[in-house]
Amino acid sequence: MEVNVSAESFESIVPGGEFQEKYKKNNDIIFYRRQRDQAVSQYFASFETLVLTDRGASLELCEQDSQDRLCLQIRATQSGTVRVSLDELQPVKPRYHVSDVLVGELRYEPLRVHWKREDCVCLTWGLGQYKLLVSFSPFKLEISCDEEEIVTLNPENKLYFETLQDPIRSSSDSCQNDENRCGLWKETFRQFEDIKANGPSSVGMDLSLHGFNHTYGLPEHADTLVLKDTSVTEAYRLYNLDVFGYDINSRLGLYGSVPFLLAHKPERTAGVFWLNASETLVDVKYNPEPNEDEDEPPGKKSKVSPQTDVRWISESGTIDCFILLGPTAAQVFSQYAQLTGYQALPPLFSLGYHQCRWNYEDEADVKEVDAGFDLHGIPYDVIWLDIEHTNGKRYFTWDSKLFPNPAELQHHLQKKNRKLVVISDPHIKIDPDWPLYCEAKEGGHFVKNREGAVYEGTCWPGESCYLDFSSSKTRSWYARQLSLSKYEGSTESLFVWNDMNEPSVFNGPEQTMPKDAVHHGGWEHRELHNLYGFYQHMATFEGLLTRSGGTERPFILSRSFFAGSQRLGAIWTGDNVATWGYLKISIPMLLSLSLTGVQFCGADVGGFVQDPDPELLVRWYQAGALQPFFRGHSAKMTKRREPWLFGDDVTSAIRSAVQDRYRLLPYWYTLFHQAHTSALPPIRPLWVEFPNDTRMFAVENQYMIGGALLVCPVTDPGVTEVKVLLPGSDELWYDTNTAAVHKGARTLDLPVTLNTVPVFQRGGTVVPRREGCGSSTADLQQHPITLSVALDSKGNADGFLYLDDGHSFNYRDQMQFCLRRFTMRAGRLVNSCADDQGSFVSDDKVESVVILGLNSLKRKPKLKSGVKRAKVSFCGAPKTAVTFEFDAKRGPLSFVSPYNGGTRAQLLPNTHCSSANGSNPKRRL
Ligand code: NOJ
């Protein structure tokens with residue numbers, strides 16, 4: 001661990017105090033050991049059992065020694081995904097299947113037999129580009145594209161499936177004599193006993209990814225972007241846990257899990273999604289280890305064809321494995337979103353800055369902090385209340401001494417277009433005098449223990465019960481608690497934060513719920529542990545949606561998550577620490593989340609635990625302003641750290657970082673619209689944009705915001721220079737601070753001061769910004785748009801701007817949106833409609849266009865400061881002359897419209913801005 005968080009200093013806020021020892025290591029996980037150490041299995045199939053339907057193929061598998069029989073289903077979608085599912089053929093009882101994660105019915109293609117032999121069959125579908133080779137003895141499945149092998153399932157015969165046994169029949173099982181050692185029916189970890197009602201039920205499979213030696217994804221871990229080879233380290237553990245001040249560079253499971261891995265090589269990206277919600281471990285083995293090749297020039301092929309072997313091991317459930325065939329990263333994102341859903345379009349306010357602390361003490365404190373932002377000219381949108389705002393940690397209530405007039409407080413904030421977020425955890429204080437507890441108990445809304453009584457554990461309020469969000473009835477009940485009539489003191493400008501929803505149980509094994517607790521339908525907690533937080537998020541989403549009659553976009557932050565959580569709101573990386581190492585690791589952590597669909601994500605700015613020094617605080621604000629979810633947060637016991645408490649230099653540096661974030665919001669919002677509709681993550685590792693350049697594959701200290709901005713936040717103390725890798729030999733990169741242009745395919749030594757935030761705009765792009773930043777996102781809308789047009793070496797540029805009302809579903813239900821495209825060709829900037837279904841009428845104006853890169857054009861334009869005339873033509877209207885002013889002070893070239901009530905460059909009609917006579921626009925520009 002990079003910093004010693006002393007147990008004593010946090011004793012009062014973190015129970016137990018024994019920190020990391022309370023969590024299992026790989027060797028403590030018995031089902032994992034059982035599989036890891038077992039001899040290979042021998043599954044066989046035969047052609048006679050193959051059944052082809054218009055939705056895929058099924059086949060029976062039989063294990064040679066145990067004679068266990070499995071049913072294999074192979075299905076393929078039109079979009080390029082192969083689904084391989086395995087369940088017992090004749091189970092003694094049903095096994096748990098994950099529901100609610102996949103969106104809707106998938107559309108499968110009929111599979112055809114391409115050719116067959118006695119020992120294998122080759123299937124194909126669609127245009128026949130992809131082939132599935134099923135070998136019968138032993139069973140293997142190989143997927144190839146145009147004769148190129150992509151992935152093989154069960155290459156080393158590690159397919160493993162513990163069929164459920166009848167407890168009576170299994171009592172003759174020799175392991176029963178020493179069952180604790182075998183851990184088949186009972187297991188003990190520290191003082192915790194886990195009784196397994198269904199006995200051993202683990203599943204696993206290995207697969208080889210051919211030609212790949214870089215893999216990514218599998219959040220949440222505080223670790224590198226590229227997944228590590230786990231042959232000599234701990235496997236990636238996917239088990240949602242509350243880990244206060246977690247270690248960095250660790251594969252221990254954190255608050256959420258997305259069992260989705262991406263593999264990348266030049267010319268192809270692929271994905272593997274393992275849909276299982278029980279505890280899962282993933283081993284990765286590279287052959288050969290990466291690194292050696294990374295300094296090679298792009299496109300150069302190494303001699304040995306690499307391969308990555310991945311082994312998935314889950315405690316229970318079934319095997320439901322999706323292979324996403326790409327071939328591009330964008331296609332893999334889209335294939336994954338077609339399975340688990342697209343990123344929800346956040347309400348605009350939630351992309352602004354959020355101010356949080358455990359805790360803002362009372363109403364006066366909140367108002368004072370709110371006023372502080374105005375006083376210091378720092379925009380912000382949301383202030384947050386942690387657990388102390390409640391009456392004794394009873395969520396949906398208020399401490400009447402500290403928050404006597406919560407509705408008035410919200411109105412006060414709302415007048416400035418600001419919102420309040422309050423915390424709502426999944427545990428419910430046991431208090432027979434509290435109607436909400438009684439109602440939940442009577443309604444049967446709590447998780448049960450293995451004896452069938454209501455399960456009790458401790459959390460912030462002391463003895464608590466845990467809502468069973470896996471039941472849709474409980475989710476609806478919870479959703480009703482958020483209605484304005486039920487939730488006293490709440491208004492429409494109140495939004496919600498779901499914390500501790502792994503769930504955290506202070507006196508539970510690994511500080512979570514025992515696996516033998518029982519949910520709705522009789523399912524053991526072990527089956528769905530990783531879904532618990534997802535289901536609370538879902539219930540809260542339902543509550544906020546219903547509160548507005550289905551018209552307003554909810555905003556909910558959740559700590560725990562699973563595949564599909566992107567549909568519900570934002571997540572953050574939990575209890576990080578105020579040190580440089582945690583600032584640094586926030587980047588790969590957020591990139592991993594972004595790659596796996598959870599794109600509205602952030603890390604506590606400043607570090608939650610401990611006190612950041614002013615330099616770290618500034619650098620963290622600068623980095624956080626470039627991350628999707630931007631919230632400052634600090635733990636109880638830390639010193640207050642509102643941005644104006646550290647002297648003018650610090651205030652000014654933070655102000656400028658936050659203001660820049662606000663100015664850039666038109667671009668962020670456009671990127672979120674893109675994520676919502678096409679699944680491209682707003683923040684992307686460099687390899688996503690430069691997929692054939694192997695030197696980009698492991699870069700994790702810099703990344704792209706959209707396709708246009710490359711950012712390299714400063715994450716080290718005391719630096720006066722940073723090295724920035726500028727990719728692409730054909731690229732031009734414009735420093736957004738100085739407008740200096742740099743050629744790609746080089747490492748730049750960039751001098752920095754405390755105020756420098758290294759951001760480069762890629763030549764060939766157009767980035768929309770607002771001229772000013774306002775005091776909140778609503779205020780921001782008053783400011784006109786500026787287009788930053790960065791020319792590529794041919795003088796071209798492209799970009800988009802998405803607009804809607806920023807808060808409702810009218811963009812979806814009534815097509816009330818506007819998507820504009822800006823294209824610069826031959827010195828002519830054209831503003832055109834990019835989606836003619838949109839009918840949002842915006843009175844936004846483009847009043848300024850900044851053009852970067854004129855100097856790199858072969859024919860140099862002649863320009864002088866002063867007034868220029870240009871023509872703006874509106875679709876269907878005559879050309880109108882507009883005067884633009886060239887202001888040398890504003891950068892290399894900036895046209896500012898005259899703000900005189902004359903014609904402005906309106907966004908709605910098709911608008912073309914070109915030079916006055918149009919004869920040689922390139923020269924005139
Ligand atoms: C744990 C959360 O991670 C943290 O953000 C919050 O402040 C505390 N719980 C108290 O609610």
Side-chain angles (χ1 to χ4, degrees), residues 5 9-17 19 220 222 240-247 252-256 354-361 365-366 382-399 402-403 420-429 457-462 464 466 495-506 508 511-512 532-533 536-537 540 556-561 569-578 582 586 589 601-612 620 624 629-641:
V5 182
S9 54
F10 290 97
E11 218 164 33
S12 61
I13 52 171
V14 181
F19 290 94
E220 184 175 38
N240 297 350
L241 291 170
D242 174 5
V243 192
F244 177 79
Y246 46 82
D247 281 358
L252 174 69
L254 296 180
Y255 312 91
H354 300 250
Q355 180 67 27
C356 187
R357 175 168 175 82
W358 180 12
N359 214 85
Y360 283 119
E361 303 292 337
D365 193 12
V366 172
V382 192
I383 190 157
W384 293 52
L385 294 180
D386 210 315
I387 47 178
E388 317 297 335
H389 82 276
T390 58
N391 170 15
K393 322 292 187 300
R394 293 170 184 84
Y395 308 105
F396 304 104
T397 69
W398 305 86
D399 181 313
L402 306 176
F403 293 90
L420 185 72
V421 166
V422 293
I423 201 162
S424 188
D425 293 355
H427 50 261
I428 300 290
K429 182 180 172 71
T458 57
C459 207
W460 302 124
S464 306
Y466 286 75
F495 295 85
V496 182
W497 169 21
N498 293 151
D499 188 19
M500 312 299 276
N501 51 353
E502 297 71 34
S504 178
V505 181
F506 292 163
Q511 202 169 309
T512 190
Y532 186 86
Q536 186 192 19
H537 206 179
T540 311
I556 308 128
L557 179 74
S558 174
R559 191 169 72 173
S560 189
F561 55 89
I571 75 98
W572 94 108
T573 60
D575 297 347
N576 59 2
V577 183
Y582 284 83
S586 72
M589 287 179 84
C601 53
D604 283 347
V605 168
F608 175 69
V609 186
Q610 298 183 350
D611 299 304
W620 213 316
F629 174 63
F630 180 28
R631 182 185 76 155
H633 184 34
S634 47
K636 198 175 169 181
M637 324 256 307
T638 59
K639 295 187 191 130
R640 292 289 286 243
R641 58 165 93 136

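First listed ligand is number 1; within each ligand, the first listed atom is number 1.
Judged purely by distance below 3.5 Å, without hydrogens or angles, the side chains of Trp398 and Asn391 never pair a donor atom with an acceptor atom.
Among residues two or more places apart in sequence or in another chain, the salt bridge (Lys or Arg N to Asp or Glu O under 4.0 Å) test is passed with Asp499 by Arg559. Contacts of Glu220 classified as salt bridge (Lys or Arg N to Asp or Glu O under 4.0 Å), with partners at least two apart in sequence or in another chain: none. For Arg641, the side-chain hydrogen bond (donor to acceptor under 3.5 Å, both in side chains) test picks out no residue, with sequence neighbours left out.
Distance alone, capped at 3.5 Å, places no donor-acceptor pair between the Asn576 side chain and the Gly245 backbone.
Between His633 and the options Tyr360, Trp384, Trp497, a ring pair (Phe, Tyr, Trp, His ring centres under 6.0 Å) holds for only Trp497.
Ligand 1 lies under 4.0 Å from heavy atoms of Trp358, Asp386, Ile387, Ile423, Trp460, Trp497, Asp499, Met500, Arg559, Trp572, Asp575, Phe608, His633.
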